[in-house]
Student: 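Structure below; questions to follow.
Throughout, a chain's letter reflects where its sequence line sits, starting with A, and its residues are numbered from 1.
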Amino acid sequence: MLDIRFLRENLDLVRKKLAERGQQIDLDRFVQLDAGRRERLQEVESLRSDRNRVSKEIGKLKAGKQDASGLISRMGEVSDRIKAIDEDLKQIEAELQSFVMIIPNVPHESVAYGTGSEDNPVVRTWGEKPKFDFAPRPHWELGEALGILDFARGAKIAGARFTLYCGAGALLERALINFMLDLHTSVHGYTEVLTPFMVNGTSMTGTGQLPKFAEDLFKIEGMDYWLIPTAEVPVTNIYQGEILAEKDLPRYLVAYSPCFRAEAGSYGKDTRGLIRQHQFNKVELVKFSLPETSYEELEKLTLNAEEVLKRLGIHYRTVSLCTGDLGFSSAKTYDLEAWLPGQDAYREISSCSNFEDFQARRAGIRFRREGSSKVELLHTLNGSGLAVGRTLVAVLENYQQRDGSIVIPEALKPYMKGIDRISAAG
RNA sequence: GGAGAGAUGGCUGAGAGGCCGAAAGCGAUCGCCUGCUAAGCGAUUGUACGCCUGUCAAGGGUGUACCGCGGGUUCGAAUCCCGCUCUCUCCGCCA
């Protein structure tokens, strides 16, 4: 959510920035609502002031056994006025609120202009494409042949876009989760948290999923419980409505969670394999930062995510999302794209964003500087560190052998119970 | 799922229709005192939204709202009434 005062005073700037995102928003309606709200607020507040003053007089008159019936009936009318304006005001504020809640964040000045993913500048690449003396196969073929990924039974149990992991496949997924958590807690200084996997609507609104993107989410019928699409939601909302001390910042948290996404509107896209699932695992990095250091923190967070791929020895590139590709709440985002030789393509495996104060304002997450009485909004950041299912895909496709077996990367060996190669059973 | 108790500021805790944005204590900050520490003394100590003033800024003044949340009664609600949420205790069920 943008600051209403900022919006009021920077209409043209906001209009221009949103246009760069490819967004058309009727800011004239905002101006109208905002002015109407303030006008009515002044009116009702002065009536209240009046009523407060006179009510005290009435109290005094009554205490002195004097007649106050004239004042009482006059205040009765004033109260009716107040009630009527309040009604009006409530309506205006609701509309104003729902209006600002669907305005996306303003992109940071360093974000390149563009209309889609083809315009995302590549910031850096690491490693090289592995060479194969055979035609590398996609992970769904490898996984099925090895008996570690069972797409048919996943679909039987739950439906399309669900997968059953078996044996060494399940172990490999678990190994990746633990490897990532250990790296981020032991080496990068994050504190691990394990959160609820369902949250209420307030939390979903705090991080920006609601009200605009309800169709992307799974909701428990008849209850205010939503399945989290990422651990970003519960983790960022840990400090919802709180005021932190400056000395507590920056705060680094890491969480494993399953993620649930309806994937509405992506029918027919990535229908094979693990790339686009209704349920997948992810290790998420979340930071609460001072405003002045949040872009430094974004660079560090991105490198923390990249370190996972480096240690796994997987070639990747880092792109900076252009204005047209940027997510709703983000001011700046780096995507890590891992090389998948079986698909001859780079695929997003992590997304690292600085939300500046956009989420903090929605969720009411603030801090107080040492020696200051003023409270300020802090900045929130997060990034996948990494998407586990897609990392498993990258491992399978990059470490596949001519015979279809998978060599376990060095970094994962401590987590694989002595297995250093996954081969077809029997 | 059944029965009961509760929710007040950073914390503890008073408050029972007007004198309450809220006693008292603790904590914190600043100042005084002290050779140092402790003690003591004094002051300050919530948030949001308006308006006025000031401006490069910081600030100052003023009003309104907020005692879990939402409604109601009343000239006036932390206080009375209704609904909800959450917490705690006991019983049942349960990994």
Student: Between B/G71, B/U47, B/C19, which one does the side chain of A/I243 approach most closely?
Tutor: B/U47
Student: Could you let me know what B/G10 is paired to, Watson-Crick or G-U wobble, both distances under 3.5 Å, or none if it's on its own?
Tutor: B/C26
Student: With under 30° as parallel and over 60° as perpendicular, where do the rings of A/H188 and A/H184 fit, or are they tilted in between?
Tutor: tilted
Student: With heavy atoms under 4.0 Å as the rule, sort A/L71 into base, sugar-phosphate or nothing.
Tutor: nothing
Student: Is there a donor-acceptor contact under 3.5 Å from the side chain of A/S73 to the main chain of A/G70?
Tutor: yes
Student: Counting only Watson-Crick pairs (N1-N3 plus N6-O4 or O6-N4) and G-U wobbles (N1-O2, O6-N3), all under 3.5 Å, who is the partner of B/U89?
Tutor: B/A3
Student: Going by purine N1 to pyrimidine N3 plus the second Watson-Crick contact, or the G-U wobble pair, all under 3.5 Å, which nucleotide sits opposite B/A16?
Tutor: none
Student: Could you tell me how far B/A78 sits from B/C67 if I compare only their P atoms? Round to whole Å.
Tutor: 6 Å
Student: OP1, OP2 of B/C51 versus side-chain N and O of A/R38: anything below 4.0 Å?
Tutor: yes
Student: Take the protein atom CD1 of A/I85 and the nucleotide atom C1' of B/G50, then report the distance between them rounded to whole Å.
Tutor: 14 Å
Student: Round to a whole Å and report the spacing from CG of A/L41 to P of B/G50.
Tutor: 7 Å
Student: Whole Å only: how far is the CG atom of A/D50 from the P atom of B/U62?
Tutor: 19 Å
Student: Any strand is fair game: report the nucleotide pairing with B/C33 by Watson-Crick or G-U wobble, both distances under 3.5 Å, or none.
Tutor: none
Student: For a quick test of reading the model: is some side-chain N or O of A/N200 closer than 4.0 Å to OP1 or OP2 of B/U85?
Tutor: no
Student: Say we look at B/G72 and B/G54: how far apart would their C1' atoms be, to the nearest angstrom?
Tutor: 44 Å
Student: Out of B/U64, B/C19, B/G76, which nucleotide sits closest to the side chain of A/K56?
Tutor: B/C19
Student: Any base atoms under 4.0 Å from A/R5, or only sugar-phosphate, or nothing? Heavy atoms, all strands.
Tutor: sugar-phosphate
Student: Report the distance from atom CD of A/Q42 to atom P of B/A65, rounded to the nearest whole Å.
Tutor: 16 Å
Student: Need the pair for B/A95. Rule: Watson-Crick or G-U wobble, both distances under 3.5 Å, any strand; none if unpaired.
Tutor: none
Student: With rounding to the closest Å, how many angstrom separate the P atoms on B/A14 and B/C80?
Tutor: 15 Å
Student: Suppose we define a pair by two distances each less than 3.5 Å, Watson-Crick or G-U wobble; what does B/G21 pair with here?
Tutor: none
Student: Within this structure, what is the CZ-to-C1' distance between A/R74 and B/G76, rounded to whole angstrom?
Tutor: 14 Å
Student: What does B/U73 pair with, Watson-Crick or G-U, if both distances are under 3.5 Å?
Tutor: none
Student: Between A/H278 and A/F218, how do the two ring planes meet: parallel, tilted or perpendicular, split at 30° and 60°?
Tutor: perpendicular
Student: NA contact type, A/R8, heavy-atom cut-off 4.0 Å: base, sugar-phosphate, or nothing?
Tutor: sugar-phosphate
Student: Tell me if the CD atom of A/E246 is crowded by more than 12 foreign heavy atoms within 6.0 Å.
Tutor: yes
Student: Let me know, please, whether A/S55 or A/D34 comes out on the 5' side of the other along RNA chain B by nearest nucleotide.
Tutor: A/S55
Student: Base, sugar-phosphate alone, or nothing: which one does A/R366 contact when heavy atoms must sit under 4.0 Å apart?
Tutor: sugar-phosphate
Student: Could you work out which one of B/G71, B/U73, B/U47 sits closest to the side chain of A/R368?
Tutor: B/U47
Student: Quick one: which of A/V388, A/N281, A/L285 gives a side chain to side chain contact (heavy atoms under 4.5 Å, CB included) with A/M180?
Tutor: A/V388
Student: Distance check, C1' atoms only: B/A38 and B/G50, in whole angstrom units.
Tutor: 48 Å
Student: With both distances under 3.5 angstrom, what nucleotide forms a Watson-Crick or G-U wobble pair with B/A65?
Tutor: B/U47
Student: Identify which nucleotide among B/A65, B/G50, B/G71 has an atom closest to any side-chain atom of A/R48, counting heavy atoms from C-beta outward.
Tutor: B/A65
Student: B/U47, B/A65, B/C75: which one has an atom nearest the side-chain heavy atoms of A/M75?
Tutor: B/C75
Student: Can you tell me how far C1' in B/U12 sits from the matching atom in B/A22, rounded to whole Å?
Tutor: 16 Å
Student: Give the nucleotide from the list B/A65, B/G18, B/G63 with an atom nearest to the side chain of A/E45.
Tutor: B/G63
Student: What is the distance from NZ of A/K83 to P of B/G72, rounded to the nearest Å?
Tutor: 6 Å
Student: Do the ring centers of A/Y295 and A/H108 come within less than 6.0 Å of each other?
Tutor: yes
Student: Calculate the interatomic distance between A/L61 atom CG and B/C19 atom P; express it in whole Å.
Tutor: 15 Å
Student: Taking only side-chain nitrogens and oxygens of A/N52, does any of them come within less than 4.0 Å of OP1 or OP2 of B/G76?
Tutor: no
Student: Please state the C1' separation for the pair B/C84 and B/G25 - nearest whole angstrom.
Tutor: 34 Å
Student: Determine the contact category for A/K62: base if any of its heavy atoms lies under 4.0 Å from a base atom, sugar-phosphate if only primed atoms, P, OP1 or OP2 are that close, otherwise nothing.
Tutor: base
Student: Look up atom CZ in A/F280 and atom CZ in A/R161, then write down how far apart they are to the nearest 0.5 Å.
Tutor: 12.0 Å
Student: Taking the nucleotide of RNA chain B with the nearest heavy atom to each, does A/R51 or A/I4 sit closer to the 5' end?
Tutor: A/I4
Student: What's the gap between B/C81 and B/G17 when it is taken at their C1' atoms, as a whole Å value?
Tutor: 13 Å
Student: Hey, could you give me the CZ/CD1 distance between A/R81 and A/I85, rounded to the nearest 0.5 Å?
Tutor: 4.5 Å
Student: Of all the choices, B/A48, B/G50, B/U64, which nucleotide is nearest to the side chain of A/V375 once you look at every atom?
Tutor: B/A48
Student: Say we look at B/G4 and B/G21: how far apart would their C1' atoms be, to the nearest angstrom?
Tutor: 33 Å
Student: Atom CG of A/D335 and atom OG of A/S353: how far apart are they, to the nearest 0.5 Å?
Tutor: 7.5 Å
Student: Taking OP1 and OP2 of B/G76, is either one under 4.0 Å from a side-chain nitrogen or oxygen of A/S79?
Tutor: yes
Student: Expressed as a whole number of angstroms, how long is the span from A/K374:NZ to B/A57:C1'?
Tutor: 10 Å
